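Please read the structure below before turning to the comments.
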Amino acid sequence: MTELELLADANERAQNYIAAVGKRRVFPDLNSLANLVAFDEPWSERGFKGADVLRLLDEKGSPATVASNDPRYFGFVIGAALPVAAAAERLMLAWDQCASSFDNSPVAATIERITGGWILQALNLPRDSAVGFGTSATACTIACIAAARRAILARRGWNFDEDGLIDAPEVRVVISESAHITVKKALRILGFGVKRVLVAPTDAQGRIDPLRLPPLEDRTILCLQAGEVNTGEFDPFVDLIGRAKLAGAWVHVDGAFGLWARASSRAHLTEGVDGADSWTTDGHKWLNTPYDGALAICRDAHALATAMNSDAVYSFTAQDAQKNLTLEFSRRARGIPIWAALRALGRQGLAEMVDRHCDLANHIADGLRAAGYEVLNRVVLNQVLVRASTDEETIAIRERAQASGETWFGPTVWQGRPAFRLSVSSWRTGEEHADMLVKLLASFLREGDSTNAESA
Ligand SMILES: *Cc1c(COP(=O)(O)O)cnc(C)c1O
């Protein structure tokens, strides 16, 4: 097969896969999982033809995929790739750009610079902020917190780049009791010991309670949250950021999915968040772009550009080159699928998608309440937190739903008890899929009732 024939083969297989979305099982069956053994072969001495490599991938790989690109998938906050974003990504792969700077890829540098501006408009954040396109919210949080620490130390006359951390003035961190695990991971990697991080207690919806906020100083990094993973709730930004500003602290916001509320009619939920110093958010969740695509946004563009600087004698570029704004040096042009999504949706299309997901989450919550479930959160956004009457029943129903192949969503623990978490974040999901989910879960509850009655 020639290169073009191989690409055509890949294209046909991809088209067949997409054509079956909505029809295949949402989680693969045991048979498909068992067939993954086909990949467990010794690494070949002489290699295989490209067509053969692709055939194995499709024949044994495709059936074992989790159909997160399916309207009936409600797990995590995964979203589904918008067709235009996935298609742009495919063209980008043909370009094979190393999007580190203008010299390496004028087209990537130009498009990503413009996309960064659109992101700031969509999220209504300070327009002079630096926007780095990173692999994930995790990586972007590392970049932003590194910039925060370096800036705080510089204010105290400490040269972090030259003198590092040994004997440096202490920088304190305050995080929410319900901070995402990846924020804790970022802090751990950066050398903020988990035991030293101060934890701000949260209320029943997972929001920091301002009255119980640990003391802030001008050497504090306060990490807030836009979109709690279980409840979808927001910290009270106006109050908390007001206090942080008075203290001279740096505020970082993890808005992996929730920051996109700013692009919708729910923007009021995030009031005051634009007063922070840095923000992270994902494209690959609610914007429905392919993995990996996330954003590190920093009000003080210089702070991010110096913390992430990777200029070398053979590669000296503009401060705002992407290799100076994120962890990566060589990188794919991950801003391009984000550009494609934003250009295709426009301001109205994006608002409509985010609003529709929030409306559907409410619709699901109403349906489940009517069916006899307990909805544990206020459903302000796209997340629904649910429990049946007993913990055993909650777990059994979730496992049954996962095994059905009709849908998929994940477990969580909320206030010490098992619950399950439904997230509406796919452009494909419509009212019919929400209704299907409610009907399925209602039937499980009824069948559970009759089993209990029989055994009583
Ligand atoms: C998913 C998520 C993260 C981590 O994002 P990645 O892109 O997977 O690294 C962080 N915070 C919140 C609230 C999330 O939902």
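Just follow the structure's listing: the first ligand is 1, and inside any ligand the first atom is 1. From a predicted model like this one, the values you see are computed outputs, not experimental measurements.
Looking at ligand 1, you won't find any N or O of Ala256 less than 3.5 Å from one of its N or O atoms.
The aromatic rings of Tyr373 and Phe420 sit perpendicular to each other, their planes meeting at more than 60°, with 30° as the lower class boundary. Between Phe76 and Trp408, the ring planes are parallel. Angles under 30° get that label, and only those over 60° would be called perpendicular.
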Passes side-chain contact (heavy atoms from CB on, under 4.5 Å), Asn382 versus Trp286? Steps please. CA-CA 10 Å; Asn382 61 332; Trp286 217 351; 3.6 Å; yes

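The two residues Gln225 and Ser178 have their closest heavy-atom pair at NE2-O, 3.2 Å.
Those atoms of ligand 1 with a heavy atom of Phe257 less than 4.0 angstrom away are 15 (O). Short contacts between ligand 1 and Asp282, defined as distances under 4.0 Å to a heavy atom of the residue, involve ligand atoms 5 (O), 6 (P), 7 (O).
Put simply, part of Thr182 is less than 4.0 Å from ligand 1, judged by heavy atoms. Using a 4.0 angstrom heavy-atom cutoff, His284 counts as in contact with ligand 1. Residue Gly227 places a heavy atom less than 4.0 Å from ligand 1.
When the heavy atoms of Lys185, His180, Lys285 are ranked by distance to atom 2 (C) of ligand 1, first place goes to Lys285. In the candidate list Ile142, Ile181, Asp254, Thr280, Asp254 is nearest to atom 13 (C) of ligand 1, counting heavy atoms. With Ala137, Ser136, Gly293, Ala186 as candidates, the residue nearest to atom 5 (O) of ligand 1 on a non-hydrogen basis is Ala137.
By the criterion of a heavy-atom distance under 4.0 Å, both the backbone and the side chain of Thr138 are placed next to ligand 1. At a heavy-atom distance under 4.0 Å, no atom of Phe76 approaches ligand 1.
Taking the ring axis of Tyr17 as reference, the NZ or CZ atom of Arg24 stays within 45° of it and closer than 6.0 Å to the ring centre.
Val384 has its side chain out of reach of Arg421: every pair of non-hydrogen atoms, C-beta onward, lies at least 4.5 Å apart.
Counting heavy atoms of neighbouring residues, nucleotides and ligands inside a 6.0 Å radius, atom CZ of Arg196 does not exceed 12 of them.
Between atom NE2 of residue His357 and atom OG of residue Ser423 there is a gap of 9.0 Å, rounded to the nearest 0.5 Å.
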